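Quick note on labels: first sequence line is chain A, next is B, and so on, each numbered from 1. All figures in this text were calculated on a predicted structure; none of them were measured in a lab.
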Amino acid sequence: MTETAWLRWIILLPAAGVLFHVFVGRRATAAVKIVGPGLVGAAFAVAVAAALRLRALPAGGLLRDHLYTWIVAGPFRAEAALRLDALSAVMALVVTGVGFLIHVYSVGYMAGDRGFARYFAYLNLFMTAMLILVLADNLPLLFVGWEGVGLCSYLLIGFWYEKTENAAAGKKAFLVNRIGDAGFLLGVFLLAWTLGRHGFWTLDFATIERHRDVLAAATVGGWSVPLLVGLLLFVGATGKSAQLPLYVWLPDAMAGPTPVSALIHAATMVTAGVYMIARLHAVYELAPAALTVVAAVGAATALFAAVIATAQTDIKRVLAYSTVSQLGYMFLGLGVGATGAAVFHLVTHAFFKALLFLGAGSVIHGLGGEQDMRRMGGLRAHMSVTFWTMTVAALALAGVPPLSGFFSKDEILSSAFTGPHAVPALGVVGLVAAALTAYYTGRLVCLTFLGPSRVSPEAAHHLHESPPVMTVPLAVLAVGALAGGLLPVPAIVGQAGEAEAPLALMALAALLAAAGLALAYQLYVVRPDLPATIAVRLGGFYRLVRDKFRVDELYDALVVRPLFAAADVGARGIDPKLIDGVVNGAGVLVATTSGLWRRVQTGNVQHYALSFLIGALLLLGYYVGR
Amino acid sequence: MPGTAPLTWYLGLSATLFAIGAVGVLVRRNVIVIFMAIELMLNAVNLTFVALARSLGSMDGQVIVFFVMSVAAAEAAVGLAIIIAMFRNRETTNADELVTLRW
Amino acid sequence: MSVPLFLLLAVLLVAAALTVVAHPSPVYSACALVVTLFLLSVFFVGLDAQLVAVLQVIVYAGAIVVLFLFVIMLLNLTQTEQRPTPGAPLVAVAVGGGVAVVTLVASALRRVTTPSAPGLPAGFGETAALARRLFTAYLLPFELTSILLLVAIVGAVGLAKRRL
């Protein structure tokens with residue numbers, strides 16, 4: 001382990017950006033255009049330098065930057081310290097690199113918006129929090145970043161807060177994440193308590209890994225501690241990374257600006273759950289049951305979300321459900337023991353999903369705000385850069401070789417069949433989802449860019465390719481999507497024993513991808529009348545899928561309404577009647593009794609004299625009777 | 001002396017006078033008469049003191065009576081002055097009508 | 001005082017007291033009050049309190065009641081009360097209270113053991129004896145009483161004047 005003072009700059013540079021944008025930004029829009037992306041670019045440069053330095057160290061080495069002692073509570077200690085090992089280096093590079101490109105893109109996308117400086121302030125704040133999360137040396141600090149990105153997600157989803165739906169979407173994201181965070185915290189507490197019982201009062205990752213044996217043997221209430229910790233932390237991951245059952249906030253999060261969707265809800269924040277489990281794989285290795293749960297939930301989510309995506313008409317919604325589905329793949333990978341493959345997919349997904357979102361943003365921008373794919377079509381001719389870059393991303397997402405998505409997805413699937421914790425049934429689920437992925441991706445491209453134009457006249461009038469400040473990042477990301485398969489991520493991050501994909505599986509995956517794309521082309525370009533007929537034939541099932549299986553409505557009925565009803569009882573029943581009743585009643589009581597008692601004051605002296613007499617009699621009687 | 005009235009008789013007589021005076025204070029409406037009843041009560045107390053002074057053989061009881069009398073005189077003077085003042089304002093000496101300190 | 005004399009005077013005394021309290025006309029009440037005070041004075045003589053008896057006549061009967069009559073005549077309050085007694089409840093309570101007082105005292109007295117009368121010192125009840133006590137042990141109250149009388153004079157004049 002090598003001590004260094006560099007890592008802090010990766011975080012401090014965006015943090016300085018926050019201060020700049022908050023205090024100076026509003027008056028200096030031109031400066032914001034440079035400072036916003038510039039600071040993130042600088043952070044990226046520092047990250048690259050740090051990564052190179054890390055590479056120069058012998059295997060297993062890591063860089064550590066200790067800032068100060070943060071928490072001292074009795075025997076418990078938590079340091080404000082950062083670490084850079086292979087995993088966090090990969091994450092930091094992805095976050096700063098993709099983040100930089102998206103900052104540049106935002107300069108074009110958000111140009112002229114009233115909240116321009118506020119946007120970059122939030123975005124820089126997000127970068128700061130996310131980098132804290134991935135560079136943290138211990139769980140409490142990771143949680144600081146965890147909460148920070150949640151906050152920024154809320155702020156950015158509801159960025160155009162004048163519209164109530166946007167604010168509501170922000171609230172939904174925050175609240176659903178909160179549920180996940182509760183589970184996360186319980187897991188952290190259990191871990192701290194278990195380690196504390198054996199005298200290790202700290203939660204930094206090195207200590208956790210070193211004392212695995214202690215955790216392995218620990219039980220509480222008959223349950224194995226690693227199992228409980230693993231499951232509880234995973235609850236947090238389902239919230240943050242939008243898995244079943246806490247994924248419902250992500251589609252609504254599309255209310256935010258599209259670059260936000262690209263950065264936060266595709267490339268970085270939603271991957272926090274994946275990172276967290278990868279980081280704590282030492283704990284998860286001790287509880288194979290927890291890993292199976294992770295894999296099962298991941299696979300189920302992948303399939304579920306892919307099905308919903310096939311019937312959505314809003315271009316951003318398709319991508320949102322696609323993200324949920326792809327995150328499911330990553331958790332599937334983690335659950336079958338292929339940590340390296342999962343992180344590899346995280347990286348490639350960051351490239352092509354961010355690209356898809358930014359491309360969608362370009363389309364929306366070019367059409368003057370249109371997001372419904374039924375009113376697009378034939379845009380290939382007018383927005384060629386956007387078209388070509390998005391097509392590259394789509395092919396990568398579909399898993400067409402030799403693009404990046406193919407390799408990463410394939411590694412996960414092969415581990416599902418033959419890995420250290422293989423669950424072949426889930427592998428089959430993954431293949432089905434892969435086929436659906438190819439289909440809906442092809443559908444998206446066909447509806448948007450190919451075929452006859454269904455664009456409305458006002459939008460057509462507006463139609464133009466986006467400016468270079470937006471198209472250049474698209475191109476850069478496209479290179480990543482194309483060539484990302486070459487990155488030796490699994491080798492860097494993965495553990496020993498991860499399977500190499502057998503050729504048969506690779507062929508099958510490629511075939512499924514091609515089939516899905518071909519089907520989409522057939523249905524949406526060659527015979528565009530067919531989808532409507534099929535929808536009618538499928539009737540109720542189609543409507544169910546289109547309405548996203550009515551999960552939101554289910555949650556509304558099961559959770560939201562009872563809570564509101566209970567709150568209603570409190571607010572309209574208990575509060576005015578009981579509590580106000582008691583308080584007002586006290587006043588009324590005083591008033592009534594005084595109203596009765598004051599009648600004693602008749603003003604008639606003889607009545608007073610009578611009272612004297614009675615009092616004297618009582619006194620006399622007492623003494624006589626004694 | 002044969003058949004001297006015992007002390008308790010004097011005290012009982014005094015209590016009776018006191019009770020009569022108390023009833024008079026409470027029942028009569030003419031403020032002058034109320035005042036007279038108060039004087040009656042004071043005299044009952046005087047009787048008690050004198051009887052006990054003789055019984056205990058101490059002059060202190062009679063000294064107290066001396067003071068009671070002088071204070072009663074002062075009180076009567078001031079009280080009657082108040083009655084005069086009230087009568088001048090309200091033309092009435094009916095206790096039932098002097099109730100401005102009512103609730 | 002001998003028993004028969006005591007009983008006679010006691011009956012007269014109570015009768016006079018009742019007249020003070022019960023008679024409708026204030027003037028009659030005042031006269032009855034004078035009678036009461038005189039009778040009390042006789043009692044005082046019988047109880048070896050000669051100076052006090054004289055003072056009773058001079059101060060109480062001679063000054064205070066005269067003052068009462070002055071005021072009655074001055075303000076012409078000779079009218080009898082319309083209804084000599086107010087509401088029945090008040091009368092009942094008051095009378096009841098009075099009876100209660102007497103009963104209580106009587107029951108208390110029943111248990112009192114009369115102290116064996118020590119022999120009375122010579123000159124008991126005479127001016128010299130009273131003066132001796134007054135100007136030695138009770139000097140302070142005496143002086144305060146004089147101030148009290150001054151205050152009473154000033155107060156009475158101030159209250160009764162038409163214009164200060």
_Region of Phe68(C) in contact with chain B, defined by heavy-atom distances below 4.5 Å_ = both
*Minimal non-hydrogen separation, Val102(C) against Ala15(B), with atom names*: CG2-O, 4.1 Å
*Check whether any side-chain heavy atom of Leu47(C) lies under 4.5 Å from a side-chain heavy atom of Tyr10(B), and answer yes or no.*
yes
*asked:* Which one wins on heavy-atom pair count under 4.5 Å against chain C: Ile84(B), Leu42(B), Ile83(B), Leu47(B)?
replied: Leu47(B)
*Rounded to the nearest 0.5 Å, what's the gap from CG on Leu17(B) to CG on Leu13(C)? Could you check?*
4.5 Å
*asked:* Tell me if the CZ atom of Phe49(B) is crowded by more than 12 foreign heavy atoms within 6.0 Å.
replied: no
*How about Asn46(B) and Val52(C): do any of their side-chain heavy atoms sit closer than 4.5 Å?*
no
*Using non-hydrogen atoms and a 4.5 Å limit, figure out which bit of Ile64(C) sits close to chain B: side chain, backbone, both or neither.*
side chain
_Less than 4.5 Å to any heavy atom of chain C: does that hold for the side chain of Ile20(B), its backbone, both, or neither?_
both
*Indicate the atoms forming the closest heavy-atom contact of Ala81(B) with Ala160(C), along with that distance.*
CB-CB, 4.1 Å
*asked:* Only pairs of heavy atoms separated by less than 4.5 Å count here; which of Phe70(C), Phe43(C), Phe44(C) has the most with chain B?
replied: Phe44(C)
*Is the backbone of Phe124(C) close enough, under 3.5 Å, to the side chain of Arg54(B) for a donor and an acceptor to pair up by distance?*
no
_Just verifying a value: how many Å separate Phe35(B) CZ and Leu33(C) CG, rounded to the nearest 0.5 Å?_
12.5 Å
_Rounded distance [0.5 Å steps], CZ in Arg88(B) versus CG in Leu75(C)_ = 8.5 Å
*chain B contacts, top residue of Val71(C), Leu37(C), Val65(C), Leu7(C) (heavy-atom pairs, under 4.5 Å)*: Val71(C)
*Do you know which of Ala30(C), Ala137(C), Ala63(C) has the most heavy-atom pairs with chain B at a distance under 4.5 angstrom?*
Ala30(C)
*asked:* Non-hydrogen contacts under 4.5 angstrom with chain B: give the residues of residues 139-146 of chain C involved, or none if there are none.
replied: Pro141(C), Phe142(C), Thr145(C)
*Heavy-atom distances under 4.5 Å only: say whether Leu51(C) touches chain B with side chain, backbone, both or neither.*
neither
*Taking C-beta and beyond as the side chain, do Thr36(C) and Asn43(B) meet within less than 4.5 Å on heavy atoms?*
no
Pair up each side-chain donor or acceptor in residues 58-80 of chain B with any protein partner under 3.5 Å, not counting sequence neighbours, and list the distances.
from, atom 1, to, atom 2, distance (Å)
Ser58(B), OG, Asp60(B), N, 3.1
Asp60(B), OD1, Arg133(C), NE, 2.7
Asp60(B), OD1, Arg133(C), NH2, 2.7
Asp60(B), OD2, Arg133(C), NH2, 3.2
Asp60(B), OD2, Tyr138(C), OH, 3.4
Gln62(B), NE2, Asp48(C), O, 3.2
Ser70(B), OG, Phe66(B), O, 3.3
Ser70(B), OG, Phe67(B), O, 2.8

*If you look at every heavy atom in Val20(C) and Met36(B), which pair is closest and at what distance?*
CG1-CB, 4.2 Å
*How many angstroms lie between atom OG of Ser29(C) and atom CD1 of Ile34(B), to the nearest 0.5 angstrom?*
11.5 Å
*Heavy-atom side-chain contact between Val21(C) and Val27(B) under 4.5 Å*: no
*Which of the residues Thr16(B), Val50(B), Val25(B) is involved in the greatest number of heavy-atom pairs with chain C at under 4.5 angstrom?*
Val50(B)
